[in-house]
J.: 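There's a structure below that I have some questions on.
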Amino acid sequence: MKLTASQIAELAEYLESAHLERREVVKITDRYPDMDIEDAYAIQNKIKDRKLARGEKIVGLKCGLTSYAKMRQMGVETPIYGFMTDSYVVQDASEIKMSDLIHPKIEPEIAFFLKAPLRGPGCHIGNVLAATDFVMPAIEVIDSRYRDFKFDLISVIADNTSATRFIVGGKATSVKDLDLATLGVVMEKNGRVEMVGAGAAVVGHPATAVAMLANHLAASGEEIPAGSIILSGGITEAIPVQAGDSILLQVQSLGGVSARFV
Ligand code: OOG
Ligand code: MG
């Protein structure tokens, strides 16, 4: 840790008000170039405390930068993790107001619904599949609070990994008869195929991303609670969206999930 408790609290307020007021801000490492990853998660945790104090509830956790494409793009080898509250939930086939957001992008993901807790260290695909009640297609809407959606690893962790909305839909499906690595995904915008991919784009197998999250939490003595929704991380690059855009994600065997930006 390089920052003081009051600097952590100040940066949490800086980023959370940018989120609430829908404005872009200068990335925090410009002001604190020496801050480290531990500081970044401490800021994210303070943002979580602020939301909980306001009455929001944690509904799930997310993995980010889990696709090889995104990791390469960022020059990193470890995923990042964030949280999602009830205010991030968007119902399938409904509208998302652009006026609530800054410069959103969408990502095709797999959502894991856990029936049992997951605790590291040493958590692996097998533990994740055993603890998974079912999976569903998910679209994550990310909306970095940083100017022009540009950041480094430390800044984006502090900004709760750009989390802002997510939509789940399609068929709740048991993982028993699914091969999540070869599962195909097709992301459409306005009736045009924009991105295609397969589950293996996420660290070889989407369940591995969930195992890595459990192992990450274990380092601070935490676990993933039963009943959580976990987003795997985007399978393809993110796609920018604007008012008027209709989006549809179809996942092999799991059906589709959609939304409209207005
Ligand atoms: C960081 C969040 C990345 C994912 O699925 O890879 C993420 C960002 O790119 O803004 O959610
Ligand atoms: Mg994501």
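Both ligands and their constituent atoms are indexed starting at 1 by order of listing.
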J.: Given OE2 of Glu109 on one side and OE1 of Glu107 on the other, what angle do they make at the Mg ion (ligand 2), to 10°?
T.: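 Taking the Mg ion (ligand 2) as the apex, I get 90° for this pair.
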
J.: Are any of the N/O atoms on Leu65, whether in the backbone or the side chain, positioned under 3.5 angstrom from an N/O atom of ligand 1?
T.: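 Looking only at distances, the answer is yes, because the N/O contact criterion of under 3.5 Å is met.
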
J.: Can you tell me the protein heavy atom closest to atom 3 (C) of ligand 1 and the distance?
T.: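 Here the closest protein heavy atom is Lys70 NZ, 3.4 Å.
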
J.: Hey, does the Lys NZ or Arg CZ of Lys105 hover above the aromatic six-ring of Phe149, less than 6.0 Å from the centre and inside 45° of the axis?
T.: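 Judged by the rule, Lys105 and Phe149 form a cation-pi pair.
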
J.: By number and element, which atoms of ligand 1 are closer than 4.0 Å to a non-hydrogen atom of Ile142?
T.: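 By the 4.0 Å cutoff, the relevant atoms are 8 (C), 9 (O), 10 (O), 11 (O).
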
J.: So, is Thr161 polar-close to ligand 1, with some N/O to N/O distance under 3.5 Å?
T.: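 The answer is no, given that Thr161 and ligand 1 share no N or O pair closer than 3.5 Å.
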
J.: Only heavy atoms of Lys62, strictly under 4.0 Å: list the atoms of ligand 1 that pass.
T.: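 Counting atoms of ligand 1 from 1, those under 4.0 Å from Lys62 are 2 (C), 7 (C), 11 (O).
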
J.: For Thr66 and ligand 1, does the shortest N/O to N/O distance drop below 3.5 Å?
T.: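 It does not: no N or O of Thr66 is found under 3.5 Å from an N or O of ligand 1.
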
J.: I'd like to know if Glu109 contacts ligand 1, where contact means a heavy-atom distance under 4.0 Å to any ligand atom.
T.: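 For ligand 1, residue contact (heavy atoms, under 4.0 Å) with Glu109 is present.
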
J.: For ligand 1, find out whether one of its N or O atoms is nearer than 3.5 Å to an N or O atom of Val156.
T.: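 Val156 vs ligand 1: no N/O contact under 3.5 Å.
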
J.: What I want to find out is whether Lys51 reaches Glu16 closely enough, with some N-O distance under 4.0 Å, to be called a salt bridge.
T.: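 Yes, this pair counts.
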
J.: Mind checking whether Lys105 contacts ligand 1 via backbone (N, CA, C, O), side chain (CB onward), both or neither, at a 4.0 Å heavy-atom cut-off?
T.: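 Neither; nothing of Lys105 gets under 4.0 Å from ligand 1.
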
J.: May I ask you to list the atoms of ligand 1 that are less than 4.0 angstrom from any heavy atom of Gly233?
T.: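 So the atoms of ligand 1 that pass are 5 (O).
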
J.: Please confirm whether the backbone N or O of Lys57 pairs with a side-chain atom of Asp86, one donor and one acceptor, at under 3.5 Å?
T.: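 Flag set: sc Asp86 to bb Lys57 pair under 3.5 Å.
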
J.: With heavy-atom distances below 4.0 Å as the criterion, list the atoms of ligand 1 near Gly234.
T.: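 With Gly234 as reference, the close atoms of ligand 1 come out as 4 (C), 5 (O), 6 (O).
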
J.: Can you give me the closest heavy-atom contact between Val128 and Leu118, atom names plus distance?
T.: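 Scanning both residues, the minimum pair turns out to be CG2-CD1, 4.0 Å.
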
J.: Can you list the atoms of ligand 1 that are under 4.0 Å from a heavy atom of Phe151?
T.: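 Answer, ordered by atom number: 8 (C), 9 (O), 10 (O).
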
J.: Can you name the one residue among Lys150, Arg145, Arg147, His103 that meets side-chain hydrogen bond (donor to acceptor under 3.5 Å, both in side chains) with Glu24?
T.: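 Among Lys150, Arg145, Arg147, His103, the one meeting side-chain hydrogen bond (donor to acceptor under 3.5 Å, both in side chains) with Glu24 is His103.
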
J.: So Thr161 and Gln44, side chain to side chain contact (heavy atoms under 4.5 Å, CB included) or not? Walk me through it.
T.: CA-CA 9 Å; Thr161 67; Gln44 185 192 114; 4.3 Å; yes

J.: Say you draw a straight line from CD1 of Ile139 to CG of Leu231; how long is it, rounded to the nearest 0.5 Å?
T.: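 CG of Leu231 is found 11.5 Å from CD1 of Ile139.
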
J.: Could you list the atoms of ligand 1 found under 4.0 angstrom from a heavy atom of Phe149?
T.: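 Matching atoms, with element in brackets: 10 (O).
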
J.: Looking only at protein heavy atoms, identify the closest one to atom 10 (O) of ligand 1 and say how far it is in Å.
T.: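 Nearest protein contact, heavy atoms only, for atom 10 (O) of ligand 1 is Ser162 OG, 2.6 Å.
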
J.: How far is atom 7 (C) of ligand 1 from the closest protein heavy atom, and which atom is that?
T.: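 Heavy-atom neighbour on the protein nearest atom 7 (C) of ligand 1: Glu107 OE1, 3.3 Å.
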
J.: Anything under 30° is parallel, anything over 60° is perpendicular, the rest tilted; go ahead and classify Phe113 against Phe134.
T.: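 Ring orientation, 0 to 90° scale: parallel.
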
J.: Salt bridge between Lys62 and Glu107, side-chain N to carboxylate O under 4.0 Å?
T.: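 Answer for the salt bridge query: no.
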
J.: Taking atom NZ of Lys27 and atom CG of Asp152, what is their separation to the nearest 0.5 Å?
T.: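 Going from the NZ atom of Lys27 to the CG atom of Asp152 covers 5.5 Å.
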
J.: CD1 of Ile106 to CD1 of Ile167: how many Å apart, nearest 0.5 Å?
T.: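 One finds 8.0 Å between CD1 of Ile106 and CD1 of Ile167.
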
J.: Taking just the N, O or S atoms of Glu140, which one is nearest to the Mg ion (ligand 2)?
T.: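 Result for Glu140 and the Mg ion (ligand 2): OE1.
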
